[in-house]
There are 2 protein chains.
Amino acid sequence: MATSGGAGTPAGTTIERPGGRAARGRETDDRILAAALQSFGTKGYEATSLDQLAGELGVTKQTILYHHSSKAALLDAVIDRATADLTATFDEALRGAGPGWERVEALVRSVFRLALRRPELLGLVREVSRLGAPASTRVAENLEPMVRRARAFLAAEMDAGRMRRSDPALVLVSAYSTVLGVATEVEVLRAVGIEPSLRATVVRRRELLAFLRSALVAPTPS
Amino acid sequence: MATSGGAGTPAGTTIERPGGRAARGRETDDRILAAALQSFGTKGYEATSLDQLAGELGVTKQTILYHHSSKAALLDAVIDRATADLTATFDEALRGAGPGWERVEALVRSVFRLALRRPELLGLVREVSRLGAPASTRVAENLEPMVRRARAFLAAEMDAGRMRRSDPALVLVSAYSTVLGVATEVEVLRAVGIEPSLRATVVRRRELLAFLRSALVAPTPS
DNA sequence: CCGAGTGTCTACCACTTGGTAAGTGAAGCG
DNA sequence: CGCTTCACTTACCAAGTGGTAGACACTCGG
């Protein structure tokens with residue numbers, strides 16, 4: 001019932017906003033991308049159908065295919081937007097942070113905030129890494145600058161003797177897995193008897209930081 | 001061509017083995033479960049179709065549905081088998097291990113061996129935790145004894161002062177995420193420039209153990 | 001006011017999905 | 001022998017899947 005047919009705006013009434021005709025298209029595309037990100041990131045790519053996506057938007061599937069030539073192309077666009085969001089978020093978080101360990105803390109805080117407020121972003125990363133190439137390659141490329149900076153940071157900290165010496169790339173993967181896991185693996189947490197709640201999440205973040213700190217920071221030569 | 005029609009055994013020739021008629025059914029079901037585990041664990045549940053699964057087995061889809069009333073039921077059966085395998089593998093690994101940290105090492109070694117030899121097992125765990133209930137509940141229930149033992153182990157080590165004191169459940173999740181991530185997240189590893197190879201895997205395991213050891217073991221009061 | 005272009009819709013399409021109904025052949029049992 | 005049961009098949013089906021073709025409405029530059 002009326003999933004299509006312009007239920008959003010009264011028939012014939014086209015809103016006249018600055019930008020005019022072309023702006024409506026971009027606005028629709030924005031909504032498409034937002035809904036697709038939500039669905040891909042939480043339900044998964046295969047489990048999301050264009051029909052159902054269109055239904056949620058009050059639009060027909062063909063409108064989606066007008067803006068993105070195929071489902072795969074839509075995923076690419078979603079990835080681009082999501083990775084841009086991620087980079088921006090982390091840049092923002094790091095802008096205010098001081099040097100050294102503070103930066104790690106800022107990043108972890110940022111991830112936990114994302115896990116609460118925009119779980120679909122982290123979900124998409126997981127989903128795409130599961131899907132493999134070519135989608136995963138795209139994510140990797142988009143995040144490459146961030147990854148490189150992170151690796152350089154770790155290397156510098158190790159050189160300065162503030163972090164335990166080892167392969168920065170491997171440490172990065174370990175830390176990544178740990179953080180993303182603790183922040184997002186709801187089912188695993190439930191399995192060990194941790195129900196999701198705001199209070200519990202704060203505790204979890206604190207414990208995770210302690211875990212990471214022990215794992216990374218060089219033993220002080222007292 | 002000839003995906004169906006008993007291409008496996010010459011028409012009319014029914015193998016007369018001890019066990020006879022009823023044993024053939026169990027054998028087919030074994031092959032079904034093995035193929036389903038493989039596909040669910042590597043390609044994913046939704047990305048696996050019964051038709052294609054049947055094709056690989058040289059059997060019709062209806063044969064699968066004869067043994068398992070639905071795709072979901074098949075997943076349940078696969079989960080039961082996989083979790084039993086996992087439990088057996090880890091029990092075996094722990095049987096020979098000594099006390100304390102040696103047990104963690106034995107477990108990590110075990111996970112890495114699985115990642116190389118039976119990646120579909122670990123893949124299924126990831127996949128199911130992604131799918132959520134009711135499948136994830138089943139995994140959780142099946143692995144509950146193991147989880148409980150692990151938590152008790154951690155608690156005991158902390159009590160004995162050999163491990164850094166903190167919430168055993170949270171430490172378990174952290175360690176779980178780290179180990180499974182480093183062992184199985186091929187795409188993430190590729191993203192930081194680590195191509196999968198046997199040599200690299202050994203190095204990865206050693207570094208991971210160092211990472212875990214720093215994270216978990218209590219600082220010796222020297 | 002006209003023609004081009006943009007954004008969206010209706011109407012299809014070929015194909016695949018999980019699942020049902022009904023049957024077939026062989027083995028086991030009285 | 002006939003009857004049942006087991007293992008499996010052929011033949012379908014309704015409901016989706018991603019994707020194409022073509023029309024319609026509406027806006028804007030000329």
Side-chain angles (χ1 to χ4, degrees), chain A residues 1-33 36 39-40 43-55 57-77, chain B residues 1-33 36 39-40 43-55 57-77:
Chain A
M1 21 44 170
T3 83
S4 55
T9 55
T13 316
T14 309
I15 304 146
E16 272 297 332
R17 223 143 354 93
R21 80 258 155 238
R24 186 170 44 131
R26 217 175 315 124
E27 195 186 309
T28 304
D29 191 30
D30 264 11
R31 292 176 52 232
I32 291 174
L33 287 172
S39 197
F40 289 166
K43 308 178 37 178
Y45 176 71
E46 285 128 352
T48 300
S49 86
L50 296 184
D51 275 308
Q52 156 227 77
L53 208 55
L57 289 165
V59 148
T60 56
K61 165 173 61 178
Q62 289 67 23
T63 298
I64 299 178
L65 287 167
Y66 170 75
H67 290 276
H68 306 275
S69 60
S70 72
K71 195 186 178 184
L74 174 60
L75 176 60
D76 280 351
Chain B
M1 26 60 101
T3 85
S4 55
T9 54
T13 316
T14 311
I15 305 147
E16 273 299 331
R17 220 139 3 90
R21 66 274 143 221
R24 186 169 47 132
R26 216 174 316 122
E27 192 186 312
T28 304
D29 191 31
D30 264 13
R31 292 175 53 232
I32 290 174
L33 287 172
S39 198
F40 289 167
K43 306 179 38 178
Y45 177 71
E46 286 128 352
T48 300
S49 87
L50 296 184
D51 276 307
Q52 157 227 73
L53 210 55
L57 290 164
V59 150
T60 57
K61 164 173 61 180
Q62 289 67 22
T63 299
I64 299 178
L65 288 167
Y66 169 77
H67 290 277
H68 306 277
S69 58
S70 72
K71 195 186 178 183
L74 173 60
L75 176 60
D76 279 351

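Order of the sequence lines fixes the chain letters, A, B, ..., with proteins taken first and strands second; residue numbering starts at 1 for each chain.
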Task: Intermediate values then yes/no, side-chain contact (heavy atoms from CB on, under 4.5 Å), Leu75(A) and His68(A) - done: CA-CA 9 Å; Leu75(A) 176 60; His68(A) 306 275; over 6 Å; no
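- Between Leu74(A) and Leu53(A), the shortest heavy-atom contact is CD2-CD2, 3.9 Å.
- For the pair Leu57(A) CG and dT8(C) C1', the interatomic distance rounds to 13 Å; values are reported in whole Å.
- Straight-line distance from the CG atom of Asp30(B) to the P atom of dA7(D): 13 Å, rounded to whole Å.
- For Thr60(B), the side-chain atoms get nearest to dT9(D) when compared with the rest of dC12(C), dG19(C), dT9(D).
- Within 3.5 Å, no donor on the side chain of Lys71(B) pairs with an acceptor on the base of dG19(C), nor the reverse.
- Contact check, Thr63(A) against dG7(C): no side-chain N or O comes under 4.0 Å of OP1 or OP2.
- Between His67(B) and Leu33(B) the shortest side-chain heavy-atom distance does not fall below 4.5 Å.
- Counting to the nearest Å, the C1' atom of dG19(D) and the NZ atom of Lys61(A) are 7 Å from each other.
- For the OP1/OP2 pair of dT8(C) and a distance below 4.0 Å, the side-chain nitrogens and oxygens of Tyr66(A) include no atom meeting the criterion.
- The distance from atom CD of Gln62(A) to atom P of dT6(C) is 19 Å, rounded to the nearest whole Å.
- At least one donor-acceptor pair closer than 3.5 Å links the side chain of Lys71(A) to the backbone N or O of Tyr45(A).
- Contact between the side-chain N/O atoms of His67(A) and the OP1/OP2 oxygens of dT8(C) is found at a separation under 4.0 Å.
- Protein atom CD of Gln52(A) is 14 Å distant from nucleotide atom C1' of dG18(D), rounded to whole Å.
- Here the nucleotide nearest the side chain of Leu50(B), chosen from dG19(C), dC8(D), dG18(D), is dG19(C).
- Among the nucleotides dG18(D), dG18(C), dC8(D), the one closest to the side chain of Ser49(B) is dG18(C).
- Atom C1' of nucleotide dA11(D) and atom CG of Leu65(B) are separated by 15 Å, given to the nearest angstrom.
- Phosphate proximity of dC8(D) to Thr28(B): present, with a side-chain N or O under 4.0 Å from OP1 or OP2.
- A straight line from CD of Glu46(A) to C1' of dT16(C) spans 14 Å, rounded to a whole angstrom.
- Considering CD1 of Ile32(A) and OH of Tyr66(A), their distance stands at 10.5 Å, rounded to 0.5 Å.
- The nearest whole Å value for the distance from the CD1 atom in Ile64(A) to the P atom in dG7(C) is 16 Å.
- Ranking dT17(C), dG19(C), dT6(C) by closeness to the Asp51(B) side chain, first place goes to dT17(C).
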